[in-house]
Amino acid sequence: MLFSRRLMLGLAMAGSLAGALTFPAMAEGPTEIDLFFPVPVDGKLARDMGTLIKEFNEGHPNIKATAVYTGSYDDTLIKTRAAIKAGKPPSAVIMSANFLLDMQIENELTNLDPLIAADGTTKEQFLGQFFPALQGNAVINRSVYGVPFHNSTPLLYINADKAKEAGLDPSKPPQTWAELTDWAKKLTKREGDKVTQWGIAIPCAYDYCGWMMETLTMSNGGRYYNEEFGGEVYYDTPSMLGALSWWNDLVYKHKVHAPGATPGPAVSTSFISGNAAMMMLSTGSLTYVRDNAKFAYKVAFIPRNVRNAVPIGGASLIVPAGLEADKQKAAWTLIKWMTSPEKSGWWSRATGYFAPNMAAYKTPDMVDFLNKNPDAKTAVEQLDVAKPWFATYKTVPVRKNLEDEVMLVLNGKKQPKEALAAAQKAADETLKPYNAETSLKLP
Amino acid sequence: MSLAEPAALPVAASAAPRLRLLKRFLGRFKASLPAYLLLLPSLVFLALFTYGAMGRVFVDALYQRATPKAPIRFVGLDNISAVLADPAFTGAVINNLIYAVGTAIPSIGLALLFALALARTHAVNSVLRAALFLPVLIPMVAASALFLFIFLPNVGLLDYYIGRLLPVLPNWLGDPDIALSAIMVITIWKNAGYYMLFFLAGLQAVPEDVMEAAHLDGAGPFMRFRHIILPELKPTFLFVIVIATLNAVTQVDHVFVMTKGGPSNSTNLVLFYIYQQAVEHYDIGKASAATLLTLAALMGLTALSFRTMANREGGP
């Protein structure tokens, strides 16, 4: 007989031994928590996160936090969801700020209000630490679901050397779309039909494309989605039509922007190599440009057509639903520590993101840093006109509904008007089940 | 047991041979027990991760959850019809067919060419073989990241060399008309060396004496290829075709790294579509339905190929 009694006995003993080994550890040792963190920009972030968590653990003997690298923003959402589904949610996650609404709708987030109240602070006091523009993506139905951790805005990057060459003054960057178009025309170089230097590059790949469309729409006076309710997007509006038409004109009328959909890394490489004289890109790429540009560059606000406005980007700290009380409490301690002025300032200097905590900019280290790197100020100044980041039910597919159509326009396969009508139709379809359960469900 | 009196056999009498059969079966089982035991670990994993998962997919395909607040409900074949009505799915199927044919034929052709050219054992040939096999060893993700930079518009390696010749530089991965072909190039580059191995093995199985006889009979290289090598390679061909077809459906790493199915779904393949449904749309029902359809198509295709193979081998 193969499954002899001795074997069975052995298996049973091994099982009970394993049980005996794990249970006391859970009862006596420090509370063990996991922090999922993405690296959306370059690899140095992982090392910085290790430093940060080590420091936290040394200062908090009752908690043992482990930082778990989870890839891009999108991957982090996927992995967090998988962990929640498996019944083993991480205790805290650095989550792309615009995924919070979708997760809240899916009942995947812990409402942070009780934790804030338990600290003896009010919601207003707690949120008051952060730049007002960031609160829109952290608060859902007047409850706090996320704590802003590192954030970004889109910026206009200008190759100052090329601008001077073309007779433009880089200390007075373009402030309106008209001026930008003019700059782009002067900065485009041709040899016959062939373009050897593009005036401007704007990224359009999944994720980035939606963010840039939101940027252009906002500076054209519009809004992109209903900030109060997750079931409506405004793709088929004059403000968005104007935005996409201008982008289309840059490509096909003025011929100062390369045709086709170009991903973010291709845009920054193009800018660094001098192939594109200007680009619109996240402040998250600022460190990369600072380290790699072999020419003088200038960072400026996104020019307006109607008003100055930009969406925020970046990530917030969240606590997934379904955690034990002690883990929740430990995670909350970690989150408060990480978003304190000193730590968020340190993280900002290490990574290039800006610090959401306003007090961070009053710390001596930060004042020093900004004096040395004035280009890091632009994104912070632009925050005065920043607005929340696109967030709906099923954010990623709804965003893709628009992006697919914008890509067709940039490839000359569709005109802006029909593309946006198609995008609106597709998004309405994606949002239909949610609306049927909420806004269309009559009492 | 005699043929003359089958109807007259009493029940008890038929039990004896059955018992004997059982005994023989048990005897055989005992003899092959070690073999089964050796297979057991794989069987456990296969059951857990392949058949179990397949069963789960089958069940999941029948259910749907419209929104988080709505309860999960039984919808029968609704998911299947929803998938079939989705233009993104039909688009992905068409893309996948183009991709399968467009990568299988050139990569198999190249593989055969390489194998024929490098069939003789020779120091130079070994180096060349290794060089051609090298892309196989590079992980698809790494290869894709590499090609991402080769295809980079305006500043990439490809544009650096070809750009001087073309009046307008194509945005290789950003143009829906070109992106799928660009992705296919990587697959062909990566798979040709792999299939070459099978053809090299196949060529070694071609009997030397037959070739020699043909040579003595005055058959030229083309005649030898047409009438001896090609028929001998038939099983290899069929095997490689099956592998290439399966690869066309199972390889999506490059889509994931390079285009995420874009621009405008022009590089969306079936497996990536399933991933999108499950992960981005969070729609397990539809993802399961699409998986079932793909599974059925693949199983049908594989069965057909093996049948053809068996027929060919058994034939004259």
Side-chain angles (χ1 to χ4, degrees), chain A residues 2 74-75 77-78 81-82 102 104-108 192-198 201 204-207 209 258-263 265-267 269-270 272-276 393-397 399-400 403-414 426 430 432-438, chain B residues 33-34 36-37 40 64-71 82 85-88 91 145 148-149 151-156 159-160 163-179 256-268 275-284:
Chain A
L2 175 84
D74 285 11
D75 295 341
L77 176 67
I78 294 162
R81 286 192 153 157
D102 195 5
Q104 195 270 337
I105 291 173
E106 300 278 354
N107 300 323
E108 291 166 329
D193 280 346
K194 220 165 123 183
V195 176
T196 52
Q197 178 183 309
W198 292 101
C204 181
Y206 291 124
D207 199 6
C209 202
T262 318
V267 167
T269 312
S270 200
I272 295 289
S273 69
N275 183 266
Y393 167 69
K394 287 194 179 176
T395 304
V396 175
R399 189 192 72 208
K400 231 174 211 179
E403 287 168 331
D404 278 334
E405 295 295 328
V406 172
M407 287 174 182
L408 289 176
V409 171
L410 294 179
N411 275 295
K413 305 226 177 296
K414 255 191 190 178
T430 311
K432 206 158 118 191
Y434 181 64
N435 282 325
E437 284 293 319
T438 52
Chain B
L33 188 66
Y36 281 109
L37 282 179
L40 191 67
Q64 181 57 273
R65 190 206 63 166
T67 67
K69 276 160 193 106
D86 187 350
L148 208 53
F149 283 96
F151 284 136
L152 216 57
N154 302 313
V155 285
D159 280 0
Y160 185 80
R164 292 147 201 258
L165 311 169
L166 295 173
V168 179
L169 286 176
N171 188 338
W172 302 102
L173 295 171
D175 186 334
D177 291 341
I178 310 176
F256 196 93
V257 173
M258 299 174 78
T259 61
K260 302 255 179 201
S264 311
N265 281 324
S266 59
T267 58
N268 204 346
Y275 160 82
Q276 279 184 326
Q277 291 304 318
V279 169
E280 282 176 5
H281 291 236
Y282 221 17
D283 191 338
I284 304 300

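Here is how names work: the chains are called A, B, and so on, in the same order as the sequence lines, proteins then strands, and each is numbered from 1.
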Engineer: If you count heavy-atom pairs under 4.5 Å with chain B, which of A/Glu403, A/Glu405, A/Met407 comes out on top?
Structural biologist: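 The option with the most such pairs is A/Met407.
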
Engineer: Below 4.5 Å, heavy-atom pairs only: which of A/Pro397, A/Cys209, A/Ala436 has the largest tally toward chain B?
Structural biologist: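 Looking at each option in turn, the highest pair count goes to A/Pro397.
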
Engineer: Roughly how far, to the nearest 0.5 Å, is the OH atom of B/Tyr282 from the CG atom of A/Asp102?
Structural biologist: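 Nearest 0.5 Å value for the CG-OH distance: 9.0 Å.
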
Engineer: Please look at A/Ala205 and chain B and tell me whether the side chain, the backbone, both or neither of the residue comes under 4.5 angstrom of a heavy atom of that chain.
Structural biologist: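 Neither part, no heavy atoms under 4.5 Å.
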
Engineer: Just do the side-chain contact (heavy atoms from CB on, under 4.5 Å) check on A/Ile78 and B/Tyr275 with the steps written out, would you?
Structural biologist: CA-CA 11 Å; A/Ile78 294 162; B/Tyr275 160 82; 3.2 Å; yes

Engineer: Could you give the distance from CG (B/Asn265) to NZ (A/Lys400), rounded to the nearest 0.5 Å?
Structural biologist: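 If we round to the nearest 0.5 Å, B/Asn265:CG and A/Lys400:NZ are 7.5 Å apart.
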
Engineer: Given a strict heavy-atom distance threshold of 4.5 Å, which part of B/Ser266 is in contact with chain A: side chain, backbone, both, or neither?
Structural biologist: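 Looking at B/Ser266, nothing touches chain A.
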
Engineer: Please classify the contact of A/Asp207 with chain B as side chain, backbone, both or neither, using a heavy-atom distance under 4.5 Å.
Structural biologist: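 No part of A/Asp207 comes within 4.5 Å of chain B.
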
Engineer: So, for A/Pro259 and B/Asn171, which heavy atoms are closest and what is the spacing to 0.1 Å?
Structural biologist: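 Scanning both residues completely, I find the closest heavy atoms to be O-ND2, 3.3 Å.
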
Engineer: For A/Gln197, which atoms come within 4.5 Å of any heavy atom of chain B: side chain, backbone, both, or neither?
Structural biologist: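 Interface part for A/Gln197: neither.
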
Engineer: Is it the side chain or the backbone of A/Lys432 that comes within 4.5 Å of chain B heavy atoms, both, or neither?
Structural biologist: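 Neither part, no heavy atoms under 4.5 Å.
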
Engineer: Is there a side-chain contact between B/Asp175 and A/Lys413 in this structure, where contact means two heavy atoms from C-beta onward sitting under 4.5 Å apart?
Structural biologist: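 Of all side-chain heavy-atom pairs linking A/Lys413 with B/Asp175, at least one is under 4.5 Å.
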
Engineer: Looking at every non-hydrogen atom in both residues, tell me the closest pair between A/Asn411 and B/Gly174 and how far apart they are.
Structural biologist: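 Looking at all heavy atoms of both residues, the closest pair is ND2-O, 2.7 Å.
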
Engineer: Among the options B/Pro176, B/Gly262, B/Pro170, pick out the one with the most heavy-atom pairs lying under 4.5 Å from chain A.
Structural biologist: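 Answer, by heavy-atom pair count under 4.5 Å with chain A: B/Pro176.
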
